[in-house]
Visitor: 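Shown below is the structure under consideration.
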Amino acid sequence: MKVKLTELNTGYKGEKRISRLSEKQHAKAIISIVLVVVFVFTFVLSSVGIIPLDALFLRAKVSVSGSAERFPLAVSSDSSLVTNIAGDNIVILTTENIVIYSPNGKQLLNQPHIYAKPGISINGEKVVVFDRAGKGFMLIDCSELVYEGTAENTIISAEYGEKGNYALAVKGSGAESALNVYDKHNKKVFQWNCAHEHIVSITLSKNGRYAGVAVLGAENGELFTTVQYFGFDYKEPLNTQKISGVTPLDIQFTKFNVVTLLTDKGVFLVERKGEEYKTAASYYSAEFNSCDFSQNGKYIVTLAKYGSENVFEINLFSKSGKIKETISIDFEIKSTRMSDKYIFALGENKVMVYNLSGANVADISFKGEAFSLLPTDDFVYIASLDKITRCFSYGDTTVELSA
């Protein structure tokens with residue numbers, strides 16, 4: 001908030017003029033002292049870890065911007081298929097369109113589609129929407145429709161890379177599935193035919209030169225997952241690793257030369273030149289609860305440990321696959337998500353937020369039923385049946401989710 005001091009009336013003379021000047025200087029001094037005290041106070045709080053300085057500034061910004069009045073956002077329970085986060089923006093995919101809102105609740109994009117079975121893949125601020133029952137797809141960067149195209153065959157999965165390239169896994173002709181990679185000018189730069197299995201998940205490297213693919217197959221009545229590591233300058237995979245008995249959930253480049261695969265029974269790392277895959281974690285499929293990647297290469301896997309005491313464990317992994325923190329929670333977790341700074345655990349009637357050192361930084365209580373969390377470093381958006389409610393990621397809050 002800006003404070004404007006009344007200018008001196010230069011028509012006054014003598015003692016009266018000196019008195020008015022002193023009042024002005026006195027007001028300036030008071031304002032300066034208040035600003036110094038506020039700065040010192042927030043700096044001390046930030047330094048001792050009570051509340052971050054950026055969290056205080058965010059609250060001040062929201063209080064004067066009026067953006068809180070735009071929340072909760074109304075959504076249609078009949079047509080909404082997916083709600084998620086792209087960068088800091090809210091993404092809602094429906095049976096008819098894709099809508100993107102800014103963190104302040106302003107609509108940035110409303111793009112209609114005619115896809116029979118719409119699917120979506122999000123990579124940071126890059127979004128690809130595609131038809132699982134057809135060939136159509138759209139590339140969206142932040143809030144801009146970049147390209148709308150048609151694939152060679154029915155699309156199975158897709159990924160939009162940070163460099164503007166993109167990959168489509170399609171049902172193959174003469175093969176079970178095929179991977180096609182295109183540059184930012186929509187020119188095909190790589191193709192790989194998968195003879196017997198289905199391509200489930202794709203990741204593209206940050207430099208736009210490599211891809212990791214998770215392929216699901218079956219052999220002698222047992223499922224297996226194959227990780228293929230591709231360089232677009234080579235016809236054959238740079239590395240192929242077969243992992244028996246696991247179902248792939250997600251795959252991502254967590255380091256420059258490391259592809260990390262999250263599955264229902266473990267976490268596995270495949271290096272570009274590694275002779276064997278590495279097992280970062282093993283667990284039973286019955287223990288698995290949820291998992292999530294952040295954009296900084298870190299990720300979480302949450303396990304349900306049932307026994308004499310039911311405990312949920314959130315394991316935070318580094319880019320190299322080492323467990324950095326384990327957070328134990330004594331209430332039932334529906335799902336967990338993470339941003340670059342925080343970990344979010346959704347319970348029956350609350351959301352707990354932890355920093356990457358495992359410290360609890362927020363306790364959000366709510367009335368109603370929450371279906372999913374959409375987390376960012378600044379806010380956590382709670383999706384319920386007919387609306388999306390916004391809360392600060394830091395600090396305790398109570399909200400009403402019911403209609």
Side-chain angles (χ1 to χ4, degrees), residues 81-82 84-87 89 91-94 96-100 108-195 198-215 228-238 250-253 256 259 295:
L81 300 174
V82 177
N84 213 325
I85 288 290
N89 298 323
V91 178
I92 302 174
L93 176 64
T94 78
E96 300 175 348
N97 60 357
I98 177 173
V99 185
I100 299 180
L108 303 176
L109 178 75
N110 188 335
Q111 178 65 38
H113 66 75
I114 55 173
Y115 302 153
K117 293 183 178 180
I120 190 170
S121 176
I122 299 175
N123 179 21
E125 296 183 338
K126 307 281 189 178
V127 180
V128 53
V129 182
F130 58 95
D131 191 354
R132 297 185 186 275
K135 303 177 182 180
F137 67 95
M138 295 185 294
L139 303 177
I140 298 169
D141 190 353
C142 295
S143 59
E144 178 184 3
L145 177 64
V146 176
Y147 181 70
E148 188 170 3
T150 303
E152 296 177 357
N153 213 328
T154 302
I155 302 172
I156 302 171
S157 59
E159 178 80 346
Y160 192 5
E162 291 187 20
K163 287 294 185 180
N165 61 337
Y166 59 97
L168 302 175
V170 299
K171 291 184 177 179
S173 53
E176 191 69 25
S177 57
L179 174 69
N180 297 322
V181 182
Y182 303 84
D183 64 16
K184 63 181 180 181
H185 303 294
N186 306 302
K187 177 183 177 182
K188 186 189 291 187
V189 295
F190 183 80
Q191 180 172 340
W192 175 72
N193 294 321
C194 185
H198 292 281
I199 298 171
V200 175
S201 185
I202 309 168
T203 181
L204 296 173
S205 64
K206 292 183 182 295
N207 63 9
R209 297 172 56 189
Y210 302 94
V213 174
V215 178
Q228 304 282 4
Y229 197 127
F230 295 105
F232 303 145
D233 295 331
Y234 306 89
K235 291 183 178 180
E236 298 299 323
L238 300 177
D250 202 357
I251 190 170
Q252 186 164 309
F253 278 93
F256 172 70
V259 171
Q295 282 301 112

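Here the structure is a predicted model, which means the values were calculated and not measured. Keep in mind that the numbers below use all heavy atoms, side chains included, and drop hydrogens, waters and symmetry copies.
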Visitor: So does Thr94 get a backbone contact from the side chain of His113, meaning a donor-acceptor N/O pair under 3.5 Å?
Guide: yes
Visitor: Go through it in stages, so that I can follow the logic: the residues are Tyr229 and Phe253, the test is side chain to side chain contact (heavy atoms under 4.5 Å, CB included), and I'd like the CA-CA distance, side-chain angles, deciding distance and then a yes or no.
Guide: CA-CA 10 Å; Tyr229 197 127; Phe253 278 93; 3.3 Å; yes
Visitor: Could I get the full list of side-chain contact (heavy atoms from CB on, under 4.5 Å) partners for Val170, not counting sequence neighbours?
Guide: Ala151, Asn153, Ile155, Leu168, Ala178, Asn180
Visitor: First locate atom SG of Cys142, then atom CG of Asn89, and finally report the distance between them rounded to the nearest 0.5 Å.
Guide: 6.5 Å
Visitor: Please report the closest heavy-atom contact between Glu148 and Tyr115, naming both atoms and the distance.
Guide: OE2-OH, 4.4 Å
Visitor: Mind telling me whether Phe137 and Tyr147 have parallel, tilted or perpendicular rings, with 30° and 60° as the class edges?
Guide: tilted
Visitor: Does Glu96 have any salt bridge (charged side-chain N to carboxylate O under 4.0 Å, His left out) partners at least two apart in sequence or in another chain, and if so, which?
Guide: none
Visitor: Applying side chain to side chain contact (heavy atoms under 4.5 Å, CB included) to Ile120 and Asn84, what does each step give before you reach the verdict?
Guide: CA-CA 10 Å; Ile120 190 170; Asn84 213 325; over 6 Å; no
Visitor: Considering only heavy atoms from C-beta outward, does the side chain of Ile98 approach that of Val91 to under 4.5 Å?
Guide: yes
Visitor: Starting at CD of Gln111, measure out to CD1 of Ile100 and round the result to the nearest 0.5 Å.
Guide: 9.5 Å
Visitor: So which heavy atom on Pro118 is nearest to which on Leu81, and how close?
Guide: CG-CD1, 3.3 Å
Visitor: Could you pull out all donor-acceptor pairs under 3.5 Å where a side-chain atom in residues 124-132 meets a protein atom, sequence neighbours excluded?
Guide:
| unit_1 | atom_1 | unit_2 | atom_2 | d |
| --- | --- | --- | --- | --- |
| Lys126 | NZ | Asp141 | OD2 | 2.9 |
| Asp131 | OD1 | Ala116 | N | 3.4 |
| Asp131 | OD1 | Lys117 | N | 3.1 |
| Asp131 | OD1 | Ala133 | N | 3.0 |
| Asp131 | OD2 | Ala116 | N | 3.2 |
| Arg132 | NH1 | Ile156 | O | 3.3 |

Visitor: Can you list the steps and then say if Phe232 with Leu204 is a side chain to side chain contact (heavy atoms under 4.5 Å, CB included)?
Guide: CA-CA 11 Å; Phe232 303 145; Leu204 296 173; 4.0 Å; yes
Visitor: Looking at residues at least two apart in the chain, or sitting in another chain, which of them share a salt bridge (charged side-chain N to carboxylate O under 4.0 Å, His left out) with Lys184?
Guide: none
Visitor: Kindly give the heavy-atom pair with the smallest separation between Gln228 and Trp192, and that separation in Å.
Guide: NE2-CZ2, 3.7 Å
Visitor: Between Val259, Ile251, Val200, Ile199, which is the residue that forms a side chain to side chain contact (heavy atoms under 4.5 Å, CB included) with Val213?
Guide: Ile199
Visitor: When the side chains of residues 158-166 are checked against the rest of the protein, which donor-acceptor pairs come out under 3.5 Å, sequence neighbours left out?
Guide:
| unit_1 | atom_1 | unit_2 | atom_2 | d |
| --- | --- | --- | --- | --- |
| Glu159 | OE1 | Ser121 | OG | 3.0 |
| Glu162 | OE2 | Lys206 | NZ | 2.9 |
| Asn165 | ND2 | Gly208 | O | 3.4 |
| Tyr166 | OH | Asn186 | OD1 | 3.0 |

Visitor: Could you list the residues that satisfy salt bridge (charged side-chain N to carboxylate O under 4.0 Å, His left out) with Lys135, not counting sequence neighbours?
Guide: none
Visitor: So Glu144 and Leu108, do their side chains get closer than 4.5 Å, heavy atoms only?
Guide: no
Visitor: How close do Ala167 and Ile202 get, counting heavy atoms only, and between which atoms?
Guide: CB-CG2, 4.0 Å
Visitor: On a heavy-atom basis, which atom in Asp250 and which in Ser201 lie closest, and how many Å separate them?
Guide: OD1-OG, 3.6 Å
Visitor: Measuring from Phe230:CZ to Lys235:NZ, what's the distance to the nearest 0.5 Å?
Guide: 14.5 Å
Visitor: Over all heavy atoms of both residues, which pair between Asp183 and His185 is shortest? Give the atoms and the distance, please.
Guide: OD1-N, 2.8 Å
